[in-house]
Structure formats: structure tokens, C-alpha cells
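In the text below, chain A, chain B and the rest are named by the order of the sequence lines, each starting its count at 1.
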Amino acid sequence: MNYKLLQIFRNTPFGRETFLQSLYFCKTIHAHPVVYIPESDKFLMYFPNDAIQIDLDSSYLTSPKTAKQHASELFDEMGFKPAFFAPRSFTASTLPDIPTNFDYFCCPRSVSDLSSKIGLGHIGPKVRRIIKQAPFPVLLTSPVFKPWKSIAVFFGGSTNARKALQMGLKIAMVSKLPMDIYTLREKKSKGYYENIIKESDLAGPVSQFLREWHYYEKSEFDAMLYDVPHDALIVLGAYGHGVIKDLLFGSKMEKIQSTVTNNLLITGPQCELSLLH
Amino acid sequence: MDDRLLLIIAGSIAGICSGLAAVALRLALESVTEWLHPFRQFWWAFLLPAMGALLSTIYLEKITREGAGHGVPEVIYAVSKHGGLLRLRSSYSRLISSFLTIGSGGSAGPEAPVVMSGSAIGSNIAKLLRLNDRQRTTLVGCGTAGAIAGIFNAPLAGLVFSIEVVLGKWEFSNIIPIAIAAVAGAEVSRAIIHEQVLFNHLPFNMGTADILPGICLALFAGLISVFFTKTLNTSGKFAKKNRFSFWMRAIIGGSFVGCIGLFFPVVLGEGYHFIQSMISGTFTMGIFLTFVAVFAKIFATAITLGWGGSGGIFAPCLLIGSLTGIVFHKIVFLLFDNAACASEGAYALLGMTGLISGVMQAPLTGIFLVLEITGGYETILPLIVVSAISSTMSHYIEPASFYFKELIRRGQFLRPGTDARILSDLNISELVSTEFTNVSEHMIFREFIEIIKTSDQFFFPVIDENTGAYKGMIEIRNIRRYVLNPGIYDMVFLNQIMDTGVLTASLENDLQDVLEMMETNNMESIPVVEHDTFIGMISKTRILDLYRRELIMQTSVR
């Protein structure tokens with residue numbers, strides 16, 4: 001396993017919590033965190049079909065002289081060898097290009113909107129675009145460092161939900177943590193969802209790692225969110241089709257992030273996943 | 001749909017849209033210039049460019065959050081490295097910022113912003129239609145051509161600039177859609193503005209007697225081009241080094257330009273009015289002041305673009321070139337009062353070509369642009385001579401043009417079909433051979449001999465059996481003396497014979513760096529190690545295989 005997670009480092013107490021969460025994520029799934037300490041408040045990410053400019057708020061440029069030292073201390077604290085990313089390509093002199101060949105990306109939450117909205121998150125259009133174009137899953141961390149003890153996969157049967165399930169299984173395999181599936185039914189039987197898993201050749205791993213499969217009626221959406229353990233990593237697919245599209249597209253995504261305090265791992269439509277690698 | 005037809009249709013849409021953007025900017029600039037004209041007589045008029053630059057930089061830095069500058073290198077970079085991917089916001093951001101800069105009197109031209117805008121329009125049309133990199137690059141070219149054709153009413157110049165400067169490759173499949181986009185852009189411009197040529201003039205009557213002075217003017221223009229390019233770069237670097245905030249820089253730079261403008265109004269704005277008077281032969285400034293005006297315009301443009309303003313260098317090149325031509329003509333007549341040379345206007349024309357060709361090192365663009373904006377087709381032979389000499393001389397002194405200089409310095413100037421471009425399109429992860437048997441550092445040599453017997457590997461990575469960390473490498477050819485000595489089979493551990501000094505690459509390295517490392521150290525293969533973990537080996541043979549495949553793909557006829 002040589003997965004890499006890119007973290008945009010913010011040299012503030014809040015940034016510290018985010019970074020600790022990323023480090024914990026990496027430790028649990030045996031990935032390597034790589035930190036980018038921004039020198040300007042914007043950078044570009046070139047995806048196969050889109051060039052997205054990320055605009056950070058000024059807090060990302062706080063105390064640049066101590067940023068590397070603070071990041072290194074947190075690396076040490078979690079037992080990682082410090083690894084920093086220095087951009088070599090620039091679209092314009094103030095627009096560094098950040099590569100998109102990482103395996104995971106910890107989304108700098110304040111790119112989503114004003115920092116006042118960070119508390120319980122507000123996924124803005126920019127984060128949506130990253131999720132929509134990214135070939136990697138995006139980690140949206142909880143506001144404070146909170147180790148997670150299980151994996152909760154939101155599965156509604158769509159292609160992206162299958163990707164999320166695959167991602168959940170992959171993490172369960174590596175971390176050995178139990179996995180729960182949460183399904184919001186839309187007048188379909190349990191067999192319908194089980195068949196989807198069988199057809200996707202995921203039945204074997206699911207039976208091996210699944211702790212419990214929770215079913216909810218559509219009207220019980222809020223109840224489902226409250227039932228998810230507070231210390232679970234929620235894995236979900238965005239921009240899916242069918243049920244999951246209704247569930248997660250648009251305001252539902254905001255709803256989930258603003259209701260739960262869990263860490264979220266989001267797989268978008270371009271996300272490339274394999275259980276083997 | 002057929003690929004070519006699709007590109008022609010999408011290209012013409014890109015051409016129309018970018019033509020509209022160009023016309024909108026041109027009309028907006030004309031209106032604001034007219035509106036601000038009465039205020040230019042007041043003593044505080046020097047503050048106008050400062051206000052414009054301030055608004056422009058605030059707009060770019062705080063609203064669209066893009067860096068200042070003119071944008072053409074960004075387009076070339078996007079084409080070189082990212083298949084022409086450009087942000088949607090670029091399709092309007094530079095139009096607005098350059099409107100604020102130039103409209104208020106900043107010394108810059110509207111062409112580069114419309115190029116940026118047109119290219120971004122082309123790129124985003126391609127994104128909308130989910131086209132591939134090659135098709136997207138063509139549409140970026142279409143947008144560029146439409147924009148230049150629209151702003152100057154010059155379709156040929158649009159086509160040539162797009163291919164010569166932005167795409168860098170004359171390819172049959174590109175030329176047709178780009179030509180059609182250029183025509184579309186020019187037609188949109190003609191339909192709205194109803195003009196035949198940008199600068200009207202009387203016949204120039206150039207003859208054989210003008211060839212020698214033309215050559216001298218070309219050399220002079222070449223020197224001025226180099227000076228202009230260097231001043232532009234120096235100004236930008238100086239602005240970045242000082243400690244002023246971005247808005248303070250804009251105010252200082254803008255005020256300075258405004259002050260120059262109080263004495264030399266010729267430096268303000270895009271200066272088309274003065275170019276027209278020079279071509280028509282009605283420019284009345286004396287030889288000394290015209291000579292000073294050349295440098296005043298150079299400094300004003302360098303400060304405008306370097307200190308936070310937004311705009312392009314096409315129009316300043318045209319103006320500086322015209323002034324250079326006029327100065328040269330005046331000097332010729334000062335020295336030889338009965339010289340049989342053509343008019344001042346003709347020399348202004350030659351100067352323009354010299355400057356455009358010298359600064360951009362794009363001779364064809366210089367020739368066609370000046371021909372089309374003046375309609376002076378009878379001057380084509382001297383124009384070719386001047387353009388060729390000026391661009392050659394400029395290239396001799398300064399190998400990189402203004403547009404390419406920064407990209408070349410950063411090693412990011414990658415033209416299609418070149419080694420650097422092909423290598424940049426390959427990434428290390430697709431070159432790494434991962435089918436390798438690892439051996440443990442505490443393995444005794446006898447066990448290793450058994451592994452060698454059944455393996456065809458030449459390299460064996462040695463790893464720590466507990467952590468899996470990479471420790472070193474055993475190359476078969478380096479351990480022959482141990483293999484032929486069975487007496488030491490049970491006495492030697494692999495950590496005693498492994499080579500710990502082998503250079504390693506990482507997945508983050510550029511392929512060019514890796515190749516250089518292999519060349520410098522005479523290596524046939526190089527281990528790739530990431531976070532202390534052995535990933536695999538990269539061999540020159542594998543690089544050559546994939547290089548050939550990529551080359552065939554990039555150069556095949558489509």
C-alpha cells in the first residue's frame with residue numbers, strides 16, 4: 001500500500017485539528033500524508049476535463065514561518081516521516097498547480113465558504129466541483145479531531161453508492177474496523193439492494209466485513225443521520241443516480257454535513273477505485 | 001459526428017463568441033475613452049490611470065482572484081501542459097480588468113485579454129462537449145483566432161497568431177477550424193462595427209530605394225524590441241520584490257503612468273488614435289520628442305503591466321513600432337535631406353512590423369497583422385524583409401520571446417511533438433515495472449542463489465523483513481565474484497553485499513529529471529522508492545518503448 005493523501009495545511013488551531021484527523025485517517029488506512037503549505041491564497045487543480053481554481057481564505061497563510069515546524073511536530077506526534085509538497089508548475093506566478101494524482105484529498109473546508117460557516121460545514125460550489133471532477137475520494141474532516149472506530153457506508157444502489165461501498169470495504173479491509181451499511185429505501189425490497197451487491201461482485205467482502213445493515217424509509221432520513229455512531233467514518237457517494245441522487249445531490253449533501261459531526265469520505269462520479277490496489 | 005465537422009462547428013461557435021467578446025471590449029473602451037476625454041485636461045488627470053489600475057487589480061485579486069498580467073503565457077502554458085484546459089472565469093475576468101486599466105489611461109492593449117477570453121471560451125465549449133485534449137487544444141486556437149480577428153478585423157492575423165504563437169504547430173486538422181473561427185470572429189466584428197480596416201491611409205508608394213533603409217530600420221526595431229522585452233520583465237520582477245501591497249503597487253504604478261501621460265499623452269491607453277495619425281502622416285511631434293516618446297511608451301507599458309494593471313502588448317508594440325519608424329524616417333531625412341524614401345506613414349508601418357516580429361518573435365504574425373489592419377498590401381516585400389531581420393536579430397540577442405521567456409525559464413514551454421512534451425505526457429507510475437521479487441537483508445547468500453536460479457531479474461531490491469522498508473539493491477553483474485565462490489555461500493548475508501548507494505527516483509519526479517539522473521550516473525535502470533517502500537524499477541528500454549508509442553500517437557495523421 002502506497003496511498004498518498006494531500007493535505008492543505010492551515011497553521012491555526014483549527015487547521016491542527018483537521019491535520020490530526022488526516023493523520024489519523026492515514027494511520028488507519030496505511031496511507032502517507034503529504035502536506036502542502038500554501039504560499040498564496042489560491043492554487044489550481046487540473047482535472048482531466050476541468051481546471052478548478054481553489055481560493056483559500058487568509059487563515060491558510062497564517063504565520064508562514066512556523067507552519068512547517070508545526071506540521072512537522074504533528075507528523076512526529078502521529079509517527080509519520082514529514083513529507084511536504086512543493087509545487088513546481090505555475091499557471092501564473094501566483095497560481096501554483098497542485099497535481100491531482102493523489103489517492104485521497106483532505107478538502108480545505110474553508111474553501112467551501114466563509115469561515116463562520118465552517119463549524120458544522122457548508123459544502124460550497126467549489127467543493128462540489130472538486131468532488132465532481134476528482135479521481136480520488138475527498139475527505140471532509142470533523143471540526144475537531146475525533147478518531148473513528150467504525151465505518152458507515154451510505155448505500156442507495158447507484159453507481160456512485162457502489163463506489164462508496166467499495167471504498168468502505170477497502171478501508172474496512174485495511175483498518176480491520178467493522179462496517180455498517182445505511183440504506184434509505186425507496187419502496188424497494190431489501191433483496192433489491194442485496195442483488196445489486198451480488199451483481200457487483202461485492203457480496204463476498206460485504207459478508208466478511210459487514211457488522212449490520214440498517215434500512216430506513218425515505219421519511220426517516222433525519223433518524224438515519226442520528227443513528228449513525230458519532231465515531232464512525234461516513235463513506236458516501238455524491239452525484240449518483242436514482243435514489244442516491246435524491247439522497248445526496250444538492251441540499252441533501254449539505255444536510256448530511258450540517259447534521260452529523262462525523263468525518264466524511266466522499267466518492268465522486270470520476271472516482272477511480274479498485275478493491276485490489 | 002465526424003471529428004472534423006464537429007471541430008468546424010464548435011470552432012465557428014468559439015470564433016463568434018470570442019469575436020463578440022472582442023467587439024464588446026473595443027466598443028466599451030471607445031466609450032470610456034470618449035467619456036474621460038474632457039477630464040484629461042485637469043492637473044489631477046494623472047490619478048485616472050491609478051484609479052483604473054487600482055480597480056483592475058482589486059477586481060482580479062479580490063473578486064475573480066486571478067493574478068494580474070496579460071494572460072497569453074497562461075494560454076500557451078495551458079496548451080503546452082494541460083491540453084488547453086482553462087478556467088471559465090478567464091473568459092470574462094481579463095476583459096473587465098483590462099477595460100478598467102486601459103479605459104482609465106493605462107498603457108496596454110486590449111488584444112491579449114481578448115485572446116485569453118477567446119481561448120477560455122474555446123476551452124469551455126470543448127469541456128461542455130466533452131472533447132479530448134487534441135480537440136480542446138484546437139478549440140482554444142479557434143477562440144484565439146476569433147478574438148484577434150474580432151479585435152483587429154484581421155482574420156489572417158488571427159489564424160497565424162493562433163498557430164504560430166499559441167499552438168506552435170501547423171497541422172492540417174487545426175488549420176481549417178481555426179481559419180473558420182477567424183472568419184467568424186472577423187465577420188462578427190464587421191457586422192457590428194462596419195469598418196474595412198482599422199487604420200486608413202493614403203498609398204505608400206514604397207520602392208527599391210526603401211530596401212536599404214528598411215534593413216537599417218529592422219535592425220533598429222530589433223534593438224528596441226529587445227529593450228522593450230527586457231524592460232517589461234524587469235518591471236514585473238521589481239514590482240514583485242518590493243514590499244508594497246498589491247493595491248499600493250497599482251496606485252503607484254498607475255500614478256507614474258499618469259504623470260508620464262501628462263507630458264506625453266501618446267502613452268495613454270491603447271494609442272490607436274496616434275497610430276492612425278502616424279500612418280496618415282499627420283503626426284506633428286519633433287524628432288527629439290518622438291524619440292523620447294518611444295521610451296516613455298516602453299516605460300509606461302512596463303509599469304502598467306508589471307505593477308498591477310491588466311492588458312496586452314500588441315497595441316503598445318504597434319505604437320512603439322510606429323514611433324520607432326517615424327524617428328528613423330526623420331533621422332534619415334535629417335542626414336540625407338534629398339533621400340528618395342517613402343513617406344513617414346510607410347516607415348511607421350515598417351516599424352510596427354519590426355516591433356511585433358521582434359517582441360513576439362513571430363514574423364508571420366507581424367506581417368499579416370500590419371497588412372490587414374492597414375490594408376497596405378503594396379508594402380508586403382519590405383514588410384517581409386523587416387519582419388525577418390527584426391525577429392532574427394531579436395532572437396539572436398534574446399533567445400526567448402516575451403511570451404515564452406517565463407515558461408522557458410520554468411521549463412514549462414512544451415511544444416507538441418518535442419521530446420520534452422512527449423516525456424511530460426508520460427508519467428513515472430506507468431513506466432514502473434513492479435514485477436520484482438524482493439529479498440530480505442538478512443537472507444544468507446545460499447538462499448539467494450536458489451532465487452537467482454529460477455528468476456530472470458537482473459536487479460533484486462533488498463528490504464527490511466520487519467518493516468518492508470527499502471534498504472538497497474543487488475545487481476547480478478556486481479556479485480559475480482560471490483556467485484563463483486561456493487565457499488562463502490553460507491558466510492555472507494545480503495546486507496553485506498547489497499549496494500546502498502544506488503540513486504533512487506520517486507513517483508513525484510519528472511521523467512526528464514529521472515532520465516537526466518540515469519544519463520549522469522550511467523544507469524540502465526533506476527529503482528523507484530516512495531516513502532521508504534520499493535515500488536519497482538524504471539528501465540531505459542521501457543521509457544523508449546512508451547516514448548515511441550506516445551510519439552506515434554501525437555504525430556499520427558488524424
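With values rounded to the nearest 0.5 angstrom, A/Phe90 atom CZ is found 11.0 Å from B/Lys81 atom NZ. In this structure, the separation between OH on B/Tyr77 and CG on A/Asp97 is 3.0 Å, given to the nearest 0.5 Å. The CG atom of B/Asp513 lies 6.0 Å from the CZ atom of A/Arg88; values are rounded to the nearest 0.5 Å. Separation of atoms CZ (B/Arg87) and CG (A/Leu44) is listed at 4.5 Å; rounding is to 0.5 Å.
A salt bridge links A/Asp55 to B/Arg89: one of the charged nitrogens lies within less than 4.0 Å of a carboxylate oxygen. For B/Asp532 and A/Lys81, the salt-bridge test passes: some basic side-chain N is under 4.0 Å from an acidic carboxylate O.
With a 4.5 angstrom heavy-atom cutoff, B/Leu507 touches chain A only via side-chain atoms. Proximity to chain A is limited to the side chain of B/Ile535, based on heavy atoms less than 4.5 angstrom apart. Using a 4.5 Å cut-off between heavy atoms, A/Phe47 touches chain B through its backbone atoms (N, CA, C, O) alone. In this structure, chain B has heavy atoms under 4.5 Å from both the backbone and the side chain of A/Asp41. Using a 4.5 Å cut-off between heavy atoms, B/Thr64 touches chain A through its backbone atoms (N, CA, C, O) alone.
For A/Glu39, the CD atom counts as loosely surrounded, since its 6.0 Å shell holds 12 or fewer non-hydrogen atoms of other residues, nucleotides or ligands. Counting non-hydrogen atoms of other residues, nucleotides and ligands closer than 6.0 Å to NZ of B/Lys127 gives a total above 12. Other residues, nucleotides and ligands contribute only 12 or fewer heavy atoms inside 6.0 Å of the CD atom of B/Glu435. Within a 6.0 Å radius of CD in B/Glu465, other residues, nucleotides and ligands contribute more than 12 heavy atoms. Within a 6.0 Å radius of CZ in B/Phe238, other residues, nucleotides and ligands contribute 12 heavy atoms or fewer.
For the pair B/Leu131 and A/Asn49, the tightest heavy-atom approach, listed with the atom from each and the gap, is O-OD1, 4.3 Å. Minimum heavy-atom separation, B/Glu74 to A/Ala92: OE2-CB, 3.5 Å. Here the closest heavy-atom approach between residue A/Ala51 and residue B/Leu86 is recorded as CB-C, 4.3 Å.
Remark: B/Asp510 engages no residue in a salt bridge (Lys or Arg N to Asp or Glu O under 4.0 Å) (not counting sequence neighbours). When the salt bridge (Lys or Arg N to Asp or Glu O under 4.0 Å) test is applied to A/Lys27, no partner is found at least two apart in sequence or on another chain.
Between A/His32 and B/Glu530, every side-chain heavy-atom pair lies at or beyond the 4.5 Å cut-off.
Between the side chain of A/Gln53 and the backbone N or O of B/Arg65 there is at least one donor-acceptor pair closer than 3.5 Å.
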